[in-house]
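Data first, discussion second: the structure below is written as structure tokens.
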Amino acid sequence: MSKQVAVILSGCGVQDGSEIYETTLTLLRLDQLGIGYRCFAPDIDQHHVIDHRHGEVADGERRNVLVESARLARGEIEPLTDLDADAFDAVILPGGFGAAKNLSNFAEAGADMVIQGDLVEALAAFHEDRKPIGLMCIAPVMVPRLLGPGIAVTIGHDPGVAGAISSMGGLHRSCSVGDIVVDFENRVVTTPAYMLATRIGEAATGIFKLVDRLDELMDL
């Protein structure tokens, strides 16, 4: 496996961490293409813990983002501070509300959000080296703050989130669930995934396209 991709997680579970299906589909497609990967997550407390059965905050419960992300990675995970962009050819951020609660505070602050410091440092190195960056679901909302203004991304067609991206200087492109948006100049690829998907097969179509396009960009 000559190509290597870093996958950055934000916990485990759609409502307070990384979306499990999106993460699994990403890792599956990387493996199918013969691309190696390693998972990373920030070693910080989650914003909060959600009872995924009832959709309610579990008062008084605290969980660590790195520890929870290890569930998805079957224990094979490292702190985000250990991510060395020089060792990888691309990076992918699955979605899930951990991106808006743990990797950033978009869920609370909207367009005034702040990005988690370790993520800013990690992504800056990939962007400066012009290595492809893939983001899915809600994660693309961070692009204007992470990588700068004027980069085309998609979260599907949610008007509120699209408006926030625009107000931060980003360029939002409407997109169907099974498609991708590619900013070739900045080498950023995005797909709506579960911002629009109603079943796992729909999410898989766009996610596989995203990974396939990153594979192509790694050769350029």
Side-chain angles (χ1 to χ4, degrees), residues 1-11 17-19 22-44 65-66 69-70 72-73 76-96 98-100 102-104 106 115-148 151-155 170 180-193 206-220:
M1 293 183 179
S2 57
K3 296 175 182 176
Q4 296 290 324
V5 172
V7 179
I8 298 177
L9 304 180
S10 60
S18 290
E19 214 291 323
E22 291 178 2
T23 303
T24 302
L25 290 166
T26 298
L27 302 184
L28 171 63
R29 190 58 177 164
L30 289 169
D31 185 67
Q32 289 176 336
L33 295 174
I35 299 172
Y37 60 83
R38 287 160 56 193
C39 295
F40 297 85
D43 187 4
I44 58 175
V65 173
L66 178 61
S69 297
L72 275 173
E76 297 292 327
I77 196 163
E78 301 173 48
L80 187 53
T81 50
D82 290 352
L83 174 52
D84 179 3
D86 290 340
F88 296 92
D89 303 293
V91 60
I92 298 177
L93 281 72
N102 302 326
L103 299 183
S104 74
F106 177 75
I115 308 292
Q116 203 272 334
D118 296 333
L119 180 63
V120 172
E121 184 175 349
L123 267 291
F126 282 91
H127 192 48
E128 289 169 6
D129 291 341
R130 293 191 52 76
K131 294 182 176 180
I133 299 170
L135 309 96
M136 59 193 69
C137 192
I138 191 66
V141 77
M142 298 187 289
V143 166
R145 292 277 189 261
L146 269 174
L147 307 178
I151 300 174
V153 300
T154 190
I155 49 80
I180 58 175
V181 166
V182 184
D183 187 309
F184 286 99
E185 181 179 353
N186 291 283
R187 298 168 69 79
V188 173
V189 185
T190 53
T191 191
I207 290 170
F208 282 17
K209 285 183 181 178
L210 180 148
V211 176
D212 290 352
R213 184 55 58 89
L214 287 183
D215 185 26
E216 295 171 0
L217 290 173
M218 283 187 271
D219 290 329
L220 300 179

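Because the structure is predicted, anything quoted here is derived from the model rather than measured. In what follows, every heavy atom counts, from backbone to side chain, and hydrogens, waters and symmetry copies are set aside.
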Under 3.5 Å, which donor-acceptor pairs link side chains of residues 80-94 to any protein atom two or more places apart or in another chain?
{"residue": "Asp84", "atom": "OD1", "partner": "Asp86", "partner atom": "N", "Å": "3.0"}
{"residue": "Asp89", "atom": "OD2", "partner": "Gln4", "partner atom": "N", "Å": "2.8"}

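In this structure Arg145 satisfies the salt bridge (charged side-chain N to carboxylate O under 4.0 Å, His left out) test with no other residue, sequence neighbours excluded. Qualifying side chain to side chain donor-acceptor pair (under 3.5 Å) partners for Asp215, counting only residues two or more places apart in sequence or in other chains: Lys3. Residues satisfying the side chain to side chain donor-acceptor pair (under 3.5 Å) test with Glu121, not counting sequence neighbours, are none. For Arg38, the salt bridge (charged side-chain N to carboxylate O under 4.0 Å, His left out) test picks out Glu78, with sequence neighbours left out. Remark: Phe106 pairs with no residue by the ring-ring contact (aromatic ring centres under 6.0 Å, His included) rule, at least two apart or across chains.
With Thr190 contributing its side chain and Thr154 its backbone, the two residues share a donor-acceptor pair below 3.5 Å. A donor-acceptor distance shorter than 3.5 angstrom exists from the side chain of Arg187 to the backbone of Leu217, with no hydrogens or angles considered. At distances below 3.5 Å, at least one donor-acceptor pair connects side-chain atoms of Asn102 with backbone N or O atoms of Ser10.
In this structure, the separation between CD1 on Ile180 and CG on Asp212 is 8.0 Å, given to the nearest 0.5 Å. The CG atom of Leu28 sits 12.5 Å away from atom OG1 of Thr23, with the distance rounded to the nearest 0.5 Å. Leu146 contributes atom CG, which lies 4.5 Å from atom CD1 of Ile115 (distance to the nearest 0.5 angstrom). The distance from the CE atom of Met218 to the CG atom of Leu214 is 6.0 Å, given to the nearest 0.5 Å. Rounded to the nearest 0.5 Å, atoms CG (Asn186) and CD1 (Ile151) are 4.0 Å apart.
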